[in-house]
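Worksheet: the structure to be examined is printed underneath.
Throughout, a chain's letter reflects where its sequence line sits, starting with A, and its residues are numbered from 1. Source: prediction; values computed, not measured.
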2 protein chains.
Amino acid sequence: MKRSGEAGDKSVTATVKDVARLARVSVSTVSRVINNTVPVEPETRERVLSAIRDMDFRPNLLARGLRSKSGNLIGLLVPDILNESFALMSKYAEEYAERAGFALIIGNTNNDPDKEERFIRDLVRRHVDGIVFSRVSDKSRILQIIEESKIPFVIIDRSLEQEDVPTVVMDNYGAGVTAAEHLLSLGHRRFACITGPMNIAIVRERFLGFRETVGLRGGSLPDSRVYEGNFKYEAGARAVEHLARDQFTALWAHNDLMALGALNELQRQGKRVPEDVSLVGLDNISIAKMVVPPLTTIGQPFREMCESAVDIILRIRRGEKIPQLRVTLSPELFVRGTSGPAPTSAT
Amino acid sequence: MKRSGEAGDKSVTATVKDVARLARVSVSTVSRVINNTVPVEPETRERVLSAIRDMDFRPNLLARGLRSKSGNLIGLLVPDILNESFALMSKYAEEYAERAGFALIIGNTNNDPDKEERFIRDLVRRHVDGIVFSRVSDKSRILQIIEESKIPFVIIDRSLEQEDVPTVVMDNYGAGVTAAEHLLSLGHRRFACITGPMNIAIVRERFLGFRETVGLRGGSLPDSRVYEGNFKYEAGARAVEHLARDQFTALWAHNDLMALGALNELQRQGKRVPEDVSLVGLDNISIAKMVVPPLTTIGQPFREMCESAVDIILRIRRGEKIPQLRVTLSPELFVRGTSGPAPTSAT
DNA sequence: ATGAAAGCGCTAACAA
DNA sequence: TTGTTAGCGCTTTCAT
């Protein structure tokens with residue numbers, strides 16, 4: 001049995017053809033009504049719309065995609081969906097994509113360059129309208145695949161050495177400045193820092209902003225008080241063990257997980273936070289405000305970053321010129337319980 | 001300029017037609033080689049494969065989907081991607097889907113029934129091969145849409161009143177039994193419980209398993225020591241405030257977030273954990289092992305659940321009969337630092 | 001074992 | 001303003 005074409009036949013998905021028949025117009029007119037491309041006689045238009053309603057017609061996105069090269073789908077690649085920051089990115093990106101009439105297909109690359117490549121290839125085969133990705137690997141091959149595909153793309157949260165690629169990032173240098181200024185304003189002079197992996201560009205930027213600001217304002221941050229971590233909780237604890245013999249009153253960790261690990265180890269050592277040591281994190285993850293004392297931290301502007309990323313994709317797609325290839329957004333400081341005045345005894 | 005068809009022309013995506021021309025066969029033969037449908041002369045096959053390699057040909061999934069009703073895509077709907085448990089589900093589901101040759105499109109419904117419906121409708125329009133979803137709303141409309149679409153689906157993690165729907169869940173009753181038995185074996189007799197919202201079926205099951213086991217083995221759990229929470233951190237703290245005047249030595253929270261809130265409030269009240277009160281959670285989220293003392297908890301078998309869910313989708317798709325409509329998997333107990341022997345003074 | 005041709009459901013020339 | 005028609009790139013009869 002083929003489709004019957006009768007009104008009210010909702011059990012089988014209706015097609016433009018069915019709608020056309022019911023509305024007594026051609027399929028192209030149906031298409032015109034759906035897509036608002038060229039004007040249609042109001043009366044005809046009404047007939048079509050009513051037929052669409054009657055049959056509960058919804059255009060097959062595969063057919064549309066095949067024909068018009070747009071399936072209203074945007075791909076998002078994140079390195080680790082278990083990381084709350086990336087889950088947040090997924091959430092916001094999806095919200096903005098939906099608002100613009102696009103669905104979002106999320107790929108969790110699991111920090112695996114091969115998987116990242118497989119994902120990109122899959123997205124290309126699905127002819128997505130754009131790809132937003134937080135890049136993990138530096139294999140230029142991936143960038144090449146995506147550039148060849150002519151699919152609009154934008155890199156989010158991690159910046160590339162290359163400058164000619166659309167990118168949306170937090171002002172990482174600024175985050176370092178913010179952390180330093182907050183602690184300096186509380187009277188601290190002896191600083192320590194737990195960084196992320198130094199081979200990541202944004203990590204170096206964060207550190208630079210922090211160290212330069214500390215230096216400029218008379219604080220001290222010798223190399224012995226800098227610990228290179230890996231963004232994991234355990235690294236924070238290890239860092240504090242490592243820094244234990246050194247005297248410092250202010251500590252900035254490059255993410256909240258390491259800050260939490262550091263907090264835990266500081267307390268285990270009998271140090272009071274913030275009375276003996278002030279601590280600042282970065283990310284503003286949800287547990288940050290649950291620990292005791294609640295963590296002072298810097299929040300990334302993920303909402304704005306995602307909005308901007310989706311917006312850039314849509315602009316490129318429409319053939320618009322992008323005013324600035326690199327969008328930099330400001331971090332936000334959340335002052336809570338782990339930062340306080342520098343101990344007066346410390347000189 | 002149309003596609004050139006020359007070997008090595010990778011800048012424009014090659015099509016079956018290009019491959020056919022290069023291999024000097026018809027497009028149908030190319031299709032046969034790709035899909036291994038009917039046997040192809042080894043020599044011809046080699047020619048085709050080599051052409052595919054040369055042109056870096058990858059079938060357009062929209063075209064394939066349009067024609068064969070399968071775009072190798074499975075949809076996953078979760079109520080909140082920020083919830084680590086659902087992020088974990090996304091991760092595992094994606095892994096198993098990829099292993100089976102499918103991509104996963106993740107939808108974050110944000111606990112919004114309307115959004116859930118929009119998502120389902122979108123997935124239907126994309127003709128996905130299956131839908132896995134952790135259901136939020138009880139609007140039967142959604143189930144109706146998805147059933148009408150004839151797309152294979154399975155409900156994961158949340159069970160429905162309806163029995164005739166493919167479902168994969170943890171044994172929630174068993175989780176309650178496990179929690180109770182662990183605490184009973186440590187000598188506890190005076191129990192308390194922080195539950196999730198009682199209108200959720202799995203919450204009632206958890207509670208039932210806990211209460212029945214406690215009752216059967218001579219423990220006490222009066223209604224005054226049962227607090228209905230909402231799965232959030234703050235609810236755990238509130239619960240403990242509420243239960244404060246009551247004497248209990250063992251507390252089970254229906255998720256880790258509430259357990260952590262409870263732990264925090266217990267410590268604030270000066271109660272020692274586990275010396276005065278033993279505490280058990282559920283979920284085994286990553287921070288569970290980071291707090292002090294590390295949280296004893298029950299882990300959901302998400303990995304197996306996702307594997308099973310994807311497997312069920314694929315079976316239905318192949319037209320196989322599902323042996324059991326409802327798959328129930330066992331939880332796992334992780335004994336850590338928040339549970340210990342009942343205080344001897346407590347009678 | 002292989003090829004020719006039809007067609008999935010849609011959009012976009014091109015005509016009228 | 002509307003209809004006719006030709007594909008998008010693939011799979012799948014139906015012949016051979």
*Partners of S26(B) by side chain to side chain donor-acceptor pair (under 3.5 Å), sequence neighbours excluded?*
S28(B), T29(B)
*Would you kindly give the CG-to-P distance between L62(B) and dG7(D), to the nearest whole Å?*
20 Å
Could you pull out all donor-acceptor pairs under 3.5 Å where a side-chain atom in residues 57-75 of chain B meets a protein atom, sequence neighbours excluded?
unit_1: R58(B); atom_1: NE; unit_2: D56(B); atom_2: OD1; d: 3.4
unit_1: R58(B); atom_1: NH2; unit_2: D56(B); atom_2: OD1; d: 3.3
unit_1: N60(B); atom_1: OD1; unit_2: L62(B); atom_2: N; d: 2.7
unit_1: N60(B); atom_1: OD1; unit_2: A63(B); atom_2: N; d: 3.2
unit_1: N60(B); atom_1: ND2; unit_2: H127(A); atom_2: NE2; d: 3.2
unit_1: S68(B); atom_1: OG; unit_2: R64(B); atom_2: O; d: 2.8
unit_1: S70(B); atom_1: OG; unit_2: D129(B); atom_2: OD1; d: 2.8
unit_1: S70(B); atom_1: OG; unit_2: D129(B); atom_2: OD2; d: 3.4
unit_1: S70(B); atom_1: OG; unit_2: R317(B); atom_2: NH1; d: 3.4

*Out of dC8(D), dT2(C), dC10(D), which nucleotide sits closest to the side chain of V40(B)?*
dT2(C)
*Using a 4.0 Å heavy-atom cut-off, write out nucleotides 11-16 of chain C from 5' to 3' as B (base contacted by protein), S (sugar-phosphate only) or - (no contact).*
BBB---
*State which residues pass side chain to side chain donor-acceptor pair (under 3.5 Å) with S31(A); sequence neighbours excluded, sorted by chain then number.*
N35(A)
*Quick one: list whatever passes salt bridge (Lys or Arg N to Asp or Glu O under 4.0 Å) with E46(B), sequence neighbours left out.*
R53(B)
*Bend angle of the helix from dA1(C)-dT16(D) to dA16(C)-dT1(D), from helix axes over five pairs at each end, nearest 10°*: 40°
*Out of dG3(D), dA1(C), dG9(D), which has the shortest distance to the side chain of E41(B)?*
dA1(C)
_Length of the CG-C1' vector between L61(A) and dC8(C), whole Å_ = 15 Å
*Ignoring backbone atoms, establish whether T44(B) has a side-chain N or O less than 4.0 Å from OP1 or OP2 of dA1(C).*
no
*Considering all heavy atoms, the nearest L104(A)-S90(A) contact*: CD2-O, 3.9 Å
*Can you tell me which residue pairs pass the salt bridge (Lys or Arg N to Asp or Glu O under 4.0 Å) test with a partner in residues 91-107 of chain A, sequence neighbours excluded?*
E94(A)-K115(B), E95(A)-R303(A), E98(A)-K115(B), E98(A)-R118(B)
_Test of understanding: with salt bridge (Lys or Arg N to Asp or Glu O under 4.0 Å), list the residues that count as partners of E43(B), not counting sequence neighbours._
R47(B)
_Contacts of D80(B) that satisfy side chain to side chain donor-acceptor pair (under 3.5 Å) - sequence neighbours left out_ = none
